[in-house]
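Data first, discussion second: the structure below is written as structure tokens.
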Amino acid sequence: MTTAPKQGTNLLYALIAQARGYSDTIIMGRGDPDFDTPPHIIEAAKRAMVEHHADYVPPEGMPALRQAIADRVKRVNNIDVDPATEVVVTNGGQEALVLMVLTALGPGDAIIVPEPNYNTYADALKFARAEKISIPSTADTNFRTDPEAVRRAITDKTRALLLVSPNNPTATVIGRADLEALIGIAHERDLIIIADDIYDLFIYDDYQHISPASLPGGKERTLTLNALSKSFAMTGWRLGWIVGPADLMARVRELKAAMTGGTSVISQYAGLAALTGPQEPVKMMADTYTRRRKIVMDALDDMGIKYGMPQGGQFVFADISFTGMDSAELAQKILTDQHVLVYPGSAFDKERGQYIRMTFLQPEDKLREGLERMRVAMKNITG
């Protein structure tokens, strides 16, 4: 029996498993920050282990943490929410993502998804037994989400619109004019907006992140996801949240209670320390990413590899069509030959086999070494 080729998340996991088999692998595809969790957050978790380990927490999260989240989304995202009824704490961004999809969609419903996009949304749609309506974007428009393309794609089954900004994997930020147009379409067609703001603190040059719920017509129909994994280097702590209008959040809470109950009390106290404590670590990470981003872009320019301008987040989506190889095949060859892990674009959208996703989540010396190894691999491929 022929084994089907791995796709999506399974393809990425297979590459990660292979990469772990090399002692000198340089990771340039995965989206996990390479920084340590700030010490004050770790200390808060230690105290919680001793003082609060047996505390009961409601499914929607500790009141103090929900208040801190409400304060944060007001300060950073200009979204007003009631911490009692419009905030739910989750086991990281992954659970938040699934909860939002299950809240917005049922079997047979459809959601519009600008492509390429984070592959786990496709996995969540399978659980919901919902349909994805893909809206393609191209590098020549820097992977812009075209509101008119969204309008044309709406069917009688369409119930929701996904907006990830900055995008993963393209690092594109949705501009104000396009966002206002998209909210207007959602209002006209009574669509729920699922907004993924997880990279909202990492914006470059003169670009600006705007949360859909902060604009007129957006708040009453938008569920907004965020998490502490990227901004505070807390990937393994599993602490995220959803905010949105009370009627939709009531459904989020019901699903959260049924699926996993309350999020770890230890992680919640750590999250409270992150949101209410010193914010300098976030600024340090953002400044570091700005430098690393330039290193990657300069190296790609030198190699003659085209890419979409990374406006935010931690990624570069690079066009490798000139090699004549599919991205999965190319990523496999770079990993096998030079022990450098990049992610194939086809893992995010099966139509993006001509792209690879690269990250700048390594110290600068490692980043330069990985790029030099990649240069050698590309030279061997292209001659």
Side-chain angles (χ1 to χ4, degrees), residues 1-37 91-98 116-127 168-171 198-199 227 229-230 233-240 260 292 296 313-318 320 323 325-363 365-378 380-381:
M1 184 175 67
T2 302
T3 302
K6 292 182 172 62
Q7 298 179 346
T9 306
N10 289 332
L11 173 58
L12 299 184
Y13 284 158
L15 289 170
I16 292 167
Q18 180 181 343
R20 287 172 176 160
Y22 305 126
S23 61
D24 62 342
T25 297
I26 296 179
I27 307 296
M28 292 186 60
R30 195 166 181 177
D32 299 332
D34 60 304
F35 298 97
D36 294 329
T37 304
N91 291 293
Q94 293 287 88
E95 185 183 42
L97 180 162
V98 174
N117 222 304
Y118 185 42
N119 49 291
T120 304
Y121 280 102
D123 298 333
L125 292 175
K126 294 177 183 177
F127 284 108
N168 176 6
T170 68
I198 199 165
Y199 297 105
S229 54
K230 312 301 181 183
M234 293 177 67
T235 304
W237 294 79
R238 312 315 306 148
L239 201 289
T260 59
R292 294 178 181 178
V296 174
Q314 305 164 342
F315 313 111
V316 180
F317 207 51
I320 48 85
T323 66
M325 298 175 68
D326 175 78
S327 62
E329 181 185 5
L330 182 73
Q332 179 68 70
K333 185 165 182 59
I334 293 172
L335 178 57
T336 301
D337 291 357
Q338 294 294 323
H339 300 175
V340 173
L341 176 62
V342 298
Y343 275 4
S346 57
F348 301 92
D349 175 10
K350 63 183 180 181
E351 303 299 325
R352 302 305 167 126
Q354 74 274 35
Y355 291 94
I356 57 172
R357 190 189 83 172
M358 302 172 63
T359 60
F360 31 92
L361 301 175
Q362 291 282 357
D365 58 340
K366 281 286 186 184
L367 198 59
R368 294 182 190 278
E369 180 184 349
L371 289 163
E372 183 56 37
R373 289 196 210 171
M374 181 177 168
R375 185 195 308 274
V376 171
M378 296 300 289
N380 291 339
I381 291 167

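Remember, it's a predicted structure, so these values are computed and weren't measured experimentally. The analysis underlying the following values was restricted to heavy atoms, covering all of them including side chains, and did not include hydrogens, waters or symmetry mates.
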Do Ile27 and Leu361 have side-chain heavy atoms sitting under 4.5 Å apart?
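No; the side chains remain at least 4.5 Å from each other.
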Is there side-chain contact between Thr235 and Pro33, with heavy atoms separated by less than 4.5 Å?
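In short, these two side chains touch, coming nearer than 4.5 Å.
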Salt bridge (Lys or Arg N to Asp or Glu O under 4.0 Å) involving [X] - partner list, sequence neighbours excluded:
| X | value |
| --- | --- |
| Arg238 | none |
| Arg375 | Asp302, Glu372 |
| Glu369 | Arg373 |
| Asp123 | none |

Can you list everything that forms a ring pair (Phe, Tyr, Trp, His ring centres under 6.0 Å) with [X]? Sequence neighbours excluded, please.
| X | value |
| --- | --- |
| Phe360 | none |
| Phe35 | Tyr289 |
| Phe127 | none |
| Tyr199 | Phe315 |

Going by side-chain contact (heavy atoms from CB on, under 4.5 Å), name the residues that satisfy it together with Thr37, two or more places apart in sequence or in a different chain.
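Thr37 satisfies side-chain contact (heavy atoms from CB on, under 4.5 Å) with Ile41, Ile42, Met234, Trp237 once adjacent residues are dropped.
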Give every residue pair that meets the ring pair (Phe, Tyr, Trp, His ring centres under 6.0 Å) criterion with at least one member in residues 327-347, sequence neighbours excluded.
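As it turns out, the ring pair (Phe, Tyr, Trp, His ring centres under 6.0 Å) pairs with a partner in residues 327-347, which skip direct neighbours, are Tyr22-His339.
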For Asp326, which residues count as a side chain to side chain donor-acceptor pair (under 3.5 Å) partner, sequence neighbours excluded?
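Applying side chain to side chain donor-acceptor pair (under 3.5 Å) to Asp326 gives none.
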For residues 335-344, pull every pair meeting salt bridge (Lys or Arg N to Asp or Glu O under 4.0 Å), keeping only residues two or more places apart or in separate chains.
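Residue pairs passing salt bridge (Lys or Arg N to Asp or Glu O under 4.0 Å), neighbours aside: Lys333-Asp337.
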